[in-house]
Amino acid sequence: MEQKKLLEARGLTVEFPLAGHKKVHAVSDVSLDVMEHEVLALVGESGCGKSTLGKTMIRLQEPTAGEICFRGTPITGLSPKAFRDYRRQMQIVFQDPYASLNPRMTVRGIVAEPLETYHVCESKEATTERVVELLEAVGLTADHLYRYAHQFSGGQRQRVGIARAIALNPAFIVCDEPVSALDVSVQNQILNLLKDLQGRFGLTYLFISHDLSVVRFIANRVCVMFLGKLCEIGDTETVYSKPLHPYTRFLLDAIPKADPHQRRKERLLLAGELPSPVNPPAGCRFHTRCPYATEKCRTVEPQLQEVEGRKVACHIYGE
Amino acid sequence: MEKTTLNVEHLCASFFTDHGEIRAVNDVSFQVPKRSIIGIVGESGCGKSMTARSIMRLIKYPGKIVSGSISLVGKELTALSETEMSNVRGEEISLIFQEPMTSLNPVMKVGKQVREVVLLHRRVTKKEAKAEVLRMFEKVGISEPEKRYECYPHELSGGLRQRVMIAMAMICRPKLLIADEPTTALDVTVEAQILELMKNLRDEIGTSIILISHNLGVVAELCDYVHVMYAGRIVEQAETFELFDHPRHPYTVGLMNARASLEQQQTVLDTIPGTVPNLAALPEGCSFAPRCAQCGGRCHECVPELTEVLPGHFVRCHLAQQGV
Amino acid sequence: MSNIIRRIGQTVVILLGVALLIFIMLRIIPGNAIVTMMGEHANAEAIERMTAELGLDQPFYVQFWRYITGVFSGDLGTSYSLNRPVGELIATSFPNTARLAIAAALFAWVLGIVCGIIAAVRKNGILDHLFMGVSLLGVSVPVFMVAMVLQYLLAYKLDLFPISSGNAGAIGYVLPAIALGWNSAGSIARLTRSTLAEVLQEDYIDTARAKGLRRLPVITRHALRNAVLPVITMMAVQLSSLLSGAVICETVFSINGIGRLAVQAIEGRDIPLLQGTILFSTALVILGNLVADCLYSLLDPRIRKEV
Amino acid sequence: MTEQNTFRSVLCRLCRENKLAVFSAGVILLFVVLAILAPVLTPYGYDEIVNAANRLAPPSAEHWMGTDEVGRDVLTRMLYGSRISLLVGIVPTVVSMLAGAVLGILAGYLGGRVDSIIMRLADIMLAFPSMLLAMVIMYTLGDGIINIFLALALVNWASVARIVRAETLKLREAEYVEAARSIGVGRFTIMRRHILPNCIPSLIVLFTLNIPSAILSESSLSFLGLGIQKPMASWGLMVNTGRQYLYTNPWLSLAPSVAIMLIVLAFNFLGDGLRDVLDPHLKKQ
């Protein structure tokens, strides 16, 4: 199946300056393609730069260096005015359904805001009609129109957030940990909804999560990040059945299984502490914690290369 | 020699608000056998944290224990004076919280915070106490203990902070450790380290552990017994393997099925319809009935009793009781 | 360290801004400043001489430059109405204000912090409601009212204290200090209560209690040090309101301090003196803030590290 | 979970939780009514010497609060004085709140040079002891009620701006603001639609707490003779003139003092109650 590239990131770097000429290297020289109609998951631990990368892809965060192309057109250098047409194609769903809805606006106001900003509907009535349509698409009803965010449960709020994100019929949605703040029983409702919408509207997701079992369910491809760098990218099936990068293996092994029969006597435990993104280690950034690290890992930075149907950045699969 | 470390019977605890009493823990009974790890599982607001705080007698205002008994190796904790209780805390029972970020005092060196516990419960000099702390730091896997001793909490990572908390909790070799979502705020790889550490400490020191979690995986990994809570009540309790192999309560079954699989890609995830009920407005009868696919007429009328359906396996459900 | 240096640099900029602002404000008086100073009936020659003497015929920036260089060499100009150097006048009256302010601050801080702690610990108890009611009264009563009531009851009716404090020695400062500190005590008590009550809700307080610490040590060892941080900032702000209140207190109790000097300057239409007193008091406030900042970063390791 | 503050729900909670605040609101309302109806309530004028022979008279049936040093009815002057106090409480506070809110939001949201210019200016204003600054401004502008308005507004805007800026900095990071940016909503629309409405609870509280401090400032200025001038009636001014007779006729200065205290206390209680209901976070400052 030949897929078209929807979004391309080339050499993306994001740094946040700190006092005293130091800086946080949140994302370092990352290149990533997102295909049309796919769900690409971005997994990694907190502080690995996955959220920053996600926000940079839709220019909510300006990159320090690098280029992003949308359907082949570079969008990084565009003026805010020229970017407007692209902006509406790219939306985001946030992690915290409590913080992502303005407490002083009704659901109608929140969902209608994108429609009004781009003057999508001709009249107020048409806008309201469209808002109801959107609410129904995410499993809410017209009864919810004039309620405020605090009158909803976490799951319902996240539905409102999703309705806002799909209001402009975007091509691309960044889902930034959309279910991690929710209770287990509600998580699945939202995940099913997201998957359903993706199929129904042909959406493309960049799905950011730290929960690998959630990713397993929703993603076609998965991309593992460690300390601002990509470690491994490949089809979910391939990566989960045979993880190649040592970090991916640790990550998958660390998940506690909800089955006491699968308890392990010996666990693969990661040694040491996460290095600071202010002072990332030279060479492979994972080498300080990697049991297979060699001299080469300490000095030479590994590049992504094709290994067994996916890309891995590790010297083990070198020559 | 007693076989149980902790025996909780008919514990009820409530919040007293302007809108009246909200029963957060409702008739909860369980035992913690010696050297065992028991798990309490449930979603937010099910009363699991409140149960933990009740045992420590550290419920936040306006909450209060209403009735019931909590006995630690024969000592009735609810009858102790505040002073006697503070001698029990840290010495015989200790508590680890969810957020290692906020549960350490930001303006005090972590070493001193741990040393404080030793000085409080042991007749030792400051120097001896410090040596004890350094030994404990080593035991919980804190590298460079001398250097970490002088650190402030903000200088440590989340994982290290949780290790400091564990060192603080275990340094007096308490009979019981209550861990309230100890790994929820941590990354999976750190979580695995911390769980491993807790298991080793149990084996080494012989402390019984109550592990409170919303994550079935964590519980399956570590616990000998599991108690499932829903809306303030225990709805099912059994030995871990039994519970995971033969869950009886529809809520437990729902939770188990809702777990996304790591082995294969599912097309649709199983869900439990509806949301967690509001404790201030619980439905008549079984609290889970409105979300239960199998509920019948009786479920809406009276609250089912917690009954033993198999030896050691208790369920609070009308259907499971009939269907044995 | 570099943070403190940067902070000092900022302070200098603010001081210059303050000086410029006072300078401008006192020179945009409608009509000729000199005429206002000397009265309607002064003769033209005298006015001209005065204008030249004060350098008011020069362009504005020259005047300002002269003034600023003067300030840095300790010359604040000469008081027109009292005919003495402003620096000297300030030097003689400042010790009186300092005594008054320090006594008032001590009174306010001790009373405020103690009441605040008790109220927070006994939150929603009788003492809490009592102290908070009284402290709100403290914040709401005008300084001159406290001063006059004290003067009337304790000095006049009961004759326990001197009515005017000018030459009465230490005992003369008791009533003015209470009158001046009353307001601050109220706001400090309220702030101490709310921050301490908030800190007592924190997780690490639960941790401390879970260790087996009793209530009192939990407060003294764990809560207070965290709660005192915002109170320190507040104390620096209070310095400003203490100096404001001193103007009134010194007037009521006839103390020859900076505030009274400022009032005299206004009554005498004495621009150099007014300029000098205001600049001096403002510098004091700024200095107080600087000290509070340093103290804050000493007490809070999170900030110390960032420095 | 009480993020939403509709006017009615706030009122209900206030009534339920803080009776004292409601009572205070009643007291304020009473003062307002008295101030408006002053000419109807008293047969005398505020500057009318009702009885030149009977100066410094004690309270009587004719003159409930006695007469002052030139023989004017004290109660009448108190009633007219309340007009000044309320006006001085409200007008400069409204002005300084508006200016402070706008500048604070601009500084907080736009950041950069706008922020540093506005905040340095605020720092300079805040460095002055407020009383002394007000004195200088009054000296420069001359007497008169309009000038008092101006002086107090100039003194107070900076602290409002600083608080609003801090609030804005927090709100700017809120996810719903980020969501609005991701949609492509313009900066000024975001400030108006997402930031300002969420500052309103703090602003209301600040408003009720700044009014009493403005009233106190005016009375202090008038007390020093730098505010309202004779023959107008202001409570501070009445205390000032009454002070000469403190030992013989204490009520001359005490009555207006008590009035100031009452109205200030009422506003403070109301502000406190509102703060508890509206904005638990604001307690800090």
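Letters A, B, ... are given to chains in the order of the sequence lines, protein chains preceding strands, and every chain is numbered from 1. All values reported here derive from a predicted model rather than from experimental measurement.
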- Answer yes if the side chains of A/Arg289 and B/Thr189 hold a donor-acceptor pair under 3.5 Å, and no otherwise. no

- Which atoms of A/Ser153 come close to chain B, meaning under 4.5 Å heavy atom to heavy atom: side chain ones, backbone ones, both, or neither? side chain

- Task: Please look at A/Gln187 and chain B and tell me whether the side chain, the backbone, both or neither of the residue comes under 4.5 angstrom of a heavy atom of that chain.
- Result: neither

- Identify which of B/Gly274, B/Gly254, B/Ala220 forms the greatest number of heavy-atom pairs closer than 4.5 Å to chain A. B/Ala220

- Query: Where on B/Leu222 is there a heavy atom nearer than 4.5 Å to chain A: the side chain, the backbone, both, or neither?
  - Reply: backbone

- Task: With a 4.5 angstrom heavy-atom cut-off, could you sort out which part of A/Leu274 is near chain B: side chain, backbone, both or neither?
- Result: neither

- Message: Would you say B/His313 and B/Glu236 are linked by a side-chain donor-acceptor pair, where the criterion is simply a distance under 3.5 Å?
- Response: yes

- Task: Could you tell me which portion of B/Thr267 (side chain, backbone, both or neither) has an atom closer than 4.5 angstrom to a non-hydrogen atom of chain A?
- Result: backbone

- Message: Does any backbone or side-chain atom of A/Phe217 lie under 4.5 Å from a heavy atom of chain B? Answer side chain, backbone, both or neither.
- Response: both

- Query: Looking only at atom types and distance, does a side-chain atom of B/His249 sit under 3.5 Å from a main-chain N or O of B/Arg316, one as donor and one as acceptor?
  - Reply: yes

- Message: Does any backbone or side-chain atom of A/Asn192 lie under 4.5 Å from a heavy atom of chain B? Answer side chain, backbone, both or neither.
- Response: side chain

- Query: Is chain A contacted by the side chain of B/Asn278, its backbone, both, or neither, given a heavy-atom distance below 4.5 Å?
  - Reply: neither

- Item | Atom CE of B/Met101 with >12 non-hydrogen neighbours under 6.0 angstrom | no

- Message: Looking at B/Tyr225, I'd like to know if its OH atom is crowded, meaning that more than 12 non-hydrogen atoms belonging to other residues, nucleotides or ligands lie closer than 6.0 Å.
- Response: no

- If you tally heavy-atom pairs under 4.5 Å against chain A, which of B/Leu255, B/Leu243, B/Val188 wins? B/Val188

- Query: Going by the angle between their ring planes, with limits at 30° and 60°, are B/Phe288 and B/Tyr230 parallel, tilted or perpendicular?
  - Reply: perpendicular

- Message: For B/Asp245 and A/His261, which I'm curious about, is there any donor-acceptor pair between the side chains at under 3.5 Å?
- Response: yes

- Message: Using 30° and 60° as the class boundaries, would you call the ring planes of B/His154 and B/Tyr152 parallel, tilted or perpendicular?
- Response: parallel

- Query: Taking the six-membered ring of B/Phe137, is the NZ or CZ of B/Arg148 close enough (under 6.0 Å from the centre) and on axis enough (within 45°)?
  - Reply: no

- Query: With respect to chain A, which residue among B/Val268, B/Leu216, B/Val190 yields the maximal number of heavy-atom pairs within a distance under 4.5 Å?
  - Reply: B/Val268

- In terms of heavy-atom pairs under 4.5 Å with chain B, the winner among A/Ala258, A/Ser276, A/Gly47, A/Pro260 is A/Pro260

- Task: Please determine, among B/Ile272, B/Thr275, B/Asn215, the option with the most heavy-atom pairs under 4.5 Å with chain A.
- Result: B/Ile272

